[in-house]
There are 2 protein chains.
Amino acid sequence: MEGYQEHSLGGRVFQKIREDILSGKYKENDELRENTIGNELGVSRTPVREALRQLELEGLVTIIPNRGAYVTGISRRDIWDIYMIRSLLEGLCARWAAEHIEEKQLYELEETILLSEFQMKKESGFSAEQIAMLDGRFHAILYEASGSRILSHLLKDFHNYVQAVRKDSVASEDRARKSIREHRQILRAIRDRDEELAEQLANEHIMHVIQNLKKQGYEKENCK
Amino acid sequence: MEGYQEHSLGGRVFQKIREDILSGKYKENDELRENTIGNELGVSRTPVREALRQLELEGLVTIIPNRGAYVTGISRRDIWDIYMIRSLLEGLCARWAAEHIEEKQLYELEETILLSEFQMKKESGFSAEQIAMLDGRFHAILYEASGSRILSHLLKDFHNYVQAVRKDSVASEDRARKSIREHRQILRAIRDRDEELAEQLANEHIMHVIQNLKKQGYEKENCK
DNA sequence: TCTCGTATAATTGTATACAATTAGATTCGG
DNA sequence: CCGAATCTAATTGTATACAATTATACGAGA
């Protein structure tokens with residue numbers, strides 16, 4: 001958006017630590033020492049501190065005054081919750097997109113779906129990375145199209161949060177195909193300006209992901 | 001939760017600036033200079049920087065690298081969006097609370113309602129401050145009762161965001177009375193473990209607030 | 001051997017110093 | 001008088017220094 005996160009040291013450190021938490025390099029309750037991380041990344045404590053404070057706000061890190069910063073981590077229960085919440089919000093997003101979307105964005109959505117379909121047709125097998133990326137792009141366009149700064153911001157955050165899980169989700173070829181078909185249906189509803197249908201389809205789209213998650217052991221009960 | 005926000009300088013500066021933005025002391029596009037704010041609060045730039053970085057993450061401040069921090073502000077459209085989102089999420093929250101709530105929390109909810117009713121009966125007229133506070137408490141208990149760290153965190157954030165507006169909302173005696181009646185209905189549904197009804201009532205509860213907002217000029221169209 | 005207390009080391013909290021970048025003023029040329 | 005280049009001041013970005021707090025290790029006494 002404004003380039004800060006890529007430009008400044010603090011921003012890069014923030015992204016790096018977040019990635020390391022979400023990817024599992026730092027595990028739950030790990031202590032994050034400012035000096036240690038600073039040395040690893042070749043920067044001073046200052047940008048690291050800024051990053052840790054931001055991560056606390058995101059809920060990935062817990063700071064105890066005069067003690068240190070500890071990884072909060074995200075449990076399977078958290079993942080489950082996020083998807084339940086996302087289901088509602090993606091529905092609302094699709095509804096608003098049906099109201100506000102512009103021709104250019106409709107075209108971009110179409111393009112993303114075509115690229116996804118192309119990826120699935122490759123003889124050499126599809127790349128889960130690519131599919132995850134395109135899935136991300138599809139939803140990102142939708143977020144913009146909603147015309148709501150707040151909703152867009154929120155859904156982007158969640159998107160980052162479950163980054164690691166999303167890749168697992170589309171790793172199954174069956175799920176990937178269905179997902180793309182659902183994207184197409186959602187696009188059609190939005191193009192037809194059918195708010196009701198768009199909301200319902202987007203809703204179900206995420207619910208399907210949840211059902212898929214279930215198969216992979218992310219059950220609701222599986223929380224600690 | 002962890003005491004950092006109250007304890008450390010950075011945390012207090014963060015809260016102070018946020019308050020000043022939400023209360024309107026700092027207006028949209030105002031430049032927030034680190035030194036200026038630091039001098040005003042009698043602290044150095046370091047905690048101010050931390051606070052500004054956090055506020056950027058919350059969407060209240062926009063940072064342009066090597067240029068400065070500017071107030072993003074929240075438009076009426078933003079407020080509207082937040083309440084629309086809250087409507088869905090409070091519904092989900094009530095549903096989950098109906099599943100997980102404990103006796104102690106049921107009692108706390110009851111107590112909060114009783115205090116609200118008492119406040120409305122005062123001959124000297126009710127205090128909007130107090131009613132807003134009790135309204136906040138009621139919802140806060142519900143957030144905890146949902147048993148979802150994620151959802152709770154999210155709704156608390158929104159709650160802070162619209163702090164200023166909430167007071168306006170219950171300033172009308174008519175709305176305040178209806179609001180408390182709705183709280184009572186929600187509590188009953190949760191106590192009966194009627195998830196469906198609880199969700200629906202909580203949903204409508206926030207929608208009623210939106211309708212009330214409308215009367216006060218927070219129309220959806222009123223966005224810039 | 002266990003416990004309590006003290007001393008020392010390590011870590012965070014805050015302030016300051018220096019570097020880098022940007023905005024604004026001033027001057028010079030046209 | 002206007003515009004461009006350059007210099008200066010102001011502001012941010014980062015690193016370091018110092019203060020305060022906390023954790024750890026060690027030793028004395030029961």
Side-chain angles (χ1 to χ4, degrees), chain A residues 1-21 25-73, chain B residues 1-21 25-73:
Chain A
M1 182 103 67
E2 62 287 320
Y4 161 71
Q5 295 292 13
E6 303 92 62
H7 193 274
S8 93
L9 262 187
R12 289 211 301 276
V13 173
F14 169 70
Q15 293 198 329
K16 179 76 171 74
I17 300 178
R18 173 161 72 178
E19 208 182 303
D20 285 345
I21 292 177
K25 181 180 163 187
Y26 295 132
K27 298 187 207 327
E28 192 148 2
N29 295 325
D30 273 4
E31 189 172 353
L32 300 172
R33 289 206 189 80
E34 296 171 358
N35 258 322
T36 310
I37 296 176
N39 291 335
E40 276 177 16
L41 303 179
V43 299
S44 82
R45 284 174 52 208
T46 312
V48 177
R49 275 184 68 83
E50 286 176 4
L52 290 176
R53 293 303 179 287
Q54 290 181 300
L55 286 166
E56 193 204 16
L57 218 67
E58 274 214 339
L60 284 176
V61 157
T62 302
I63 291 175
I64 304 177
N66 292 313
R67 284 266 300 273
Y70 301 85
V71 176
T72 305
Chain B
M1 181 108 62
E2 62 285 319
Y4 162 71
Q5 295 293 11
E6 303 93 61
H7 192 274
S8 93
L9 262 186
R12 290 213 300 276
V13 173
F14 169 71
Q15 293 196 331
K16 180 77 172 73
I17 300 179
R18 175 162 71 177
E19 207 181 302
D20 285 346
I21 292 177
K25 180 180 165 189
Y26 294 132
K27 296 186 210 325
E28 192 150 0
N29 296 324
D30 273 4
E31 189 172 353
L32 301 172
R33 288 207 191 78
E34 297 171 359
N35 256 322
T36 310
I37 296 176
N39 290 335
E40 278 178 16
L41 304 179
V43 299
S44 82
R45 283 174 53 209
T46 311
V48 177
R49 276 184 67 83
E50 286 177 4
L52 290 176
R53 292 306 180 284
Q54 291 181 300
L55 287 165
E56 193 204 16
L57 218 67
E58 275 213 339
L60 284 175
V61 157
T62 302
I63 290 175
I64 304 177
N66 293 311
R67 285 265 300 272
Y70 301 85
V71 176
T72 304

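Protein chains get the first letters and strands the later ones, always in sequence-line order, with residue 1 at the start of each. Just so you know, these numbers use all the heavy atoms, side chains as well, and skip hydrogens, waters and symmetry mates.
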Hey, does the side chain of Arg33(A) come within less than 4.0 Å of dA10(C)'s phosphate (OP1/OP2), counting only N and O?
no

Using modelled atom types only, decide if a donor and an acceptor are shared between the side chain of Gln54(B) and the backbone of Arg53(A) within a distance under 3.5 Å.
yes

Sugar-phosphate, base or nothing in reach of Leu32(B), heavy atoms under 4.0 Å
sugar-phosphate

Give the C-alpha distance, both sets of side-chain angles, the deciding distance and a yes or no for side chain to side chain contact (heavy atoms under 4.5 Å, CB included) between Ile37(B) and Tyr26(B).
CA-CA 11 Å; Ile37(B) 296 176; Tyr26(B) 294 132; 4.1 Å; yes

Starting at CG of Asn66(B) and ending at P of dA19(C), how long is that distance when rounded to a whole Å?
16 Å

To the nearest angstrom, how far is Asn35(A) atom CG from dT14(D) atom P?
17 Å

Does dG13(C) have its OP1 or OP2 closer than 4.0 Å to a side-chain nitrogen or oxygen of Arg49(A)?
yes

Gly68(B) or Arg67(A), whichever maps to the more 5' nucleotide of DNA chain D
Gly68(B)

Between dT14(D), dG13(C), dG13(D), which nucleotide gets closest to the side-chain atoms of Arg53(B)?
dG13(D)

Between atom CD of Glu58(A) and atom CD1 of Ile17(A), what is the distance when rounded to the nearest 0.5 Å?
12.0 Å

Arg12(B) vs dG13(C): side-chain N/O to OP1/OP2 distance below 4.0 Å:
no

Rounded to whole Å, CD of Glu50(A) lies from P of dT12(C) at a distance of 16 Å

Please compare Thr36(B) and Thr46(B) by the position of their nearest nucleotide in DNA chain D and report the one closer to 5'.
Thr36(B)

Between CZ of Arg45(B) and P of dA17(C) the distance, given in whole Å, is 12 Å

Would you kindly give the CD-to-P distance between Glu31(B) and dA10(D), to the nearest whole Å?
14 Å

If you round to the nearest 0.5 Å, how far is NZ of Lys27(A) from CG of Asp20(A)?
10.5 Å

Quick one: NZ on Lys16(A) to CD1 on Ile21(A), what's the gap to the nearest 0.5 Å?
11.0 Å

Distance, rounded to the nearest Å, where Ile63(A) contributes CD1 and dG13(C) contributes P
7 Å

Quickly work out the Glu34(A) CD to dA15(D) P distance and round it to whole Å.
13 Å

Proximal nucleotide (of dT12(C), dA23(C), dT14(C)) relative to the Ser44(B) side chain:
dT14(C)

